[in-house]
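Report on the structure given below.
Just so it is clear: chains get the letters A, B, ... in the order the sequence lines come, proteins before strands, and each one is counted from 1. Quick note: numbers below take in every heavy atom, side chains included, and nothing from hydrogens, waters or symmetry partners.
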Number of protein chains: 2
Amino acid sequence: MQTDPLSVAFSALADPTRRAMLARLSAGEATVNELAEPFAMTLPAVSKHLKVLERAGLVSRGRNAQFRPCRLEAGPLKDVAAWMEHYRRFWDDSFNRLDDYLREIQHKETSGDA
Amino acid sequence: MQTDPLSVAFSALADPTRRAMLARLSAGEATVNELAEPFAMTLPAVSKHLKVLERAGLVSRGRNAQFRPCRLEAGPLKDVAAWMEHYRRFWDDSFNRLDDYLREIQHKETSGDA
DNA sequence: AATGTATTTTACCAATTAGATAATTAACTT
DNA sequence: AAGTTAATTATCTAATTGGTAAAATACATT
């Protein structure tokens with residue numbers, strides 16, 4: 001098993017259940033039962049998935065009476081994005097284009113609201 | 001084991017050896033032996049890692065005599081980046097700033113070479 | 001044809017993971 | 001105190017992973 005943070009993050013993300021949990025948490029805090037609700041899976045199984053996400057630093061949990069509210073922590077996603085950035089030129093067609101900055105500026109001007 | 005493309009990609013990336021292989025391939029094609037060289041690992045082990053990357057669509061291989069030159073295929077990285085984009089607001093401090101587009105424009109002007 | 005080089009396949013092993021069920025802990029409600 | 005709800009821990013099984021060693025395949029050269 002890998003222990004470096006990036007590997008731990010990638011492997012935590014390599015499961016659709018866990019990604020769905022993160023999606024749910026991106027809408028706000030949730031309890032374990034709330035997170036479990038959409039899945040045909042026992043609560044302990046969900047608890048395990050949460051522990052994986054927690055170990056990866058993608059989720060933190062508070063205590064509120066008998067509830068353990070879960071919260072999204074996006075720090076590791078930043079690291080993943082930073083790693084990905086090295087490869088952007090391979091998949092982002094616009095990345096190498098000469099007129100890139102022109103289109104960027106135009107995009108910002110049309111979508112910006114300053 | 002998960003079979004959806006995104007999970008397969010994430011799980012292929014969840015290993016430092018495989019990420020190092022991708023890094024090597026980002027500099028150009030390489031044979032299995034060339035890829036194996038930096039690692040204290042037998043050739044079959046490397047071959048297995050390559051198969052994981054291949055299954056994820058991150059690597060393709062040609063045939064040149066008895067060599068199987070490997071090449072980086074970044075398609076899946078694009079999918080990963082697209083998934084990540086949903087979470088950008090959680091980790092990119094600048095994402096929600098009002099002056100975002102101004103700094104972007106400045107960056108493009110200083111680093112661009114059109 | 002024989003040999004050497006590149007790579008893969010097979011057989012095997014140890015460690016990990018994902019899930020289930022059952023039991024347990026913790027906190028609230030009555 | 002008793003019962004209910006939230007969540008975890010313990011234990012088991014099946015499947016997967018990452019590695020090795022040895023054999024097999026594919027091609028090039030002599």
Side-chain angles (χ1 to χ4, degrees), chain A residues 1-22 24-25 28-72 76, chain B residues 1-22 24-25 28-72 76:
Chain A
M1 200 225 304
Q2 302 307 329
T3 55
D4 63 289
L6 204 45
S7 296
V8 172
F10 271 125
S11 121
L13 295 173
D15 182 290
T17 301
R18 289 193 289 262
R19 289 197 304 278
M21 287 173 175
L22 292 181
R24 165 65 186 81
L25 289 178
E29 293 197 356
T31 67
V32 179
N33 268 291
E34 284 167 351
L35 282 172
E37 197 270 328
F39 304 108
M41 199 182 297
T42 60
L43 213 50
V46 170
S47 195
K48 269 194 191 179
H49 280 303
L50 273 172
K51 202 147 34 179
V52 172
L53 290 169
E54 212 176 355
R55 187 167 90 91
L58 286 160
V59 158
S60 68
R61 349 184 48 168
R63 295 197 73 144
N64 180 6
Q66 69 270 53
F67 304 91
R68 307 293 137 80
C70 302
R71 205 174 12 147
L72 177 64
Chain B
M1 201 227 306
Q2 303 306 331
T3 55
D4 63 289
L6 203 46
S7 296
V8 172
F10 272 124
S11 121
L13 295 172
D15 183 289
T17 301
R18 290 194 288 263
R19 289 198 304 278
M21 287 174 174
L22 292 181
R24 165 66 185 79
L25 289 176
E29 294 198 354
T31 67
V32 179
N33 269 294
E34 285 166 350
L35 282 173
E37 196 270 328
F39 304 108
M41 199 183 297
T42 59
L43 218 48
V46 170
S47 194
K48 270 193 187 180
H49 280 301
L50 273 171
K51 203 148 34 178
V52 172
L53 290 169
E54 211 175 356
R55 186 167 90 91
L58 286 160
V59 158
S60 68
R61 349 184 48 170
R63 296 196 72 141
N64 180 5
Q66 70 268 56
F67 305 91
R68 308 293 136 80
C70 302
R71 200 168 24 141
L72 177 63

* To do: Starting at atom CG of A/N64, determine the distance to atom C1' of D/dA7, rounded to an integer number of angstrom.
  => 14 Å
* Between C/dG19 atom C1' and A/L50 atom CG, what is the distance in whole Å? -> 15 Å
* Just how far, in rounded Å, is P of C/dA18 from CG of A/D15? -> 6 Å
* **Sugar-phosphate, base or nothing in reach of B/T17, heavy atoms under 4.0 Å** => nothing
* Asked: Can you check the A/K51 NZ to D/dA7 C1' distance for me, whole Å?
  -> 10 Å
* Structure fact -> Of the candidates C/dT7, D/dA6, D/dT9, the side chain of A/F67 sits closest to D/dA6
* Asked: How close or far is atom C1' of C/dA15 from atom CD of A/Q2, stated in whole angstroms?
  -> 13 Å
* Proximal nucleotide (of D/dA7, C/dT9, D/dG18) relative to the B/S47 side chain -> C/dT9
* When the distance from CZ of B/R55 to C1' of D/dT16 is rounded to whole Å, what number comes out? -> 10 Å
* To do: For A/A45, answer base if it contacts any base atom (sugar-phosphate contacts may also be present), sugar-phosphate if it contacts only those atoms, and nothing otherwise; contact means non-hydrogen atoms under 4.0 Å.
  => sugar-phosphate
* Give the rounded distance in Å between these two atoms: CZ of B/R61 and P of C/dA6. => 15 Å
* **Whole-Å distance separating the CZ atom of A/R68 from the C1' atom of C/dC28** => 12 Å
* To do: Please figure out whether B/L43 or A/S11 has its closest DNA chain C nucleotide nearer the 5' end.
  => B/L43
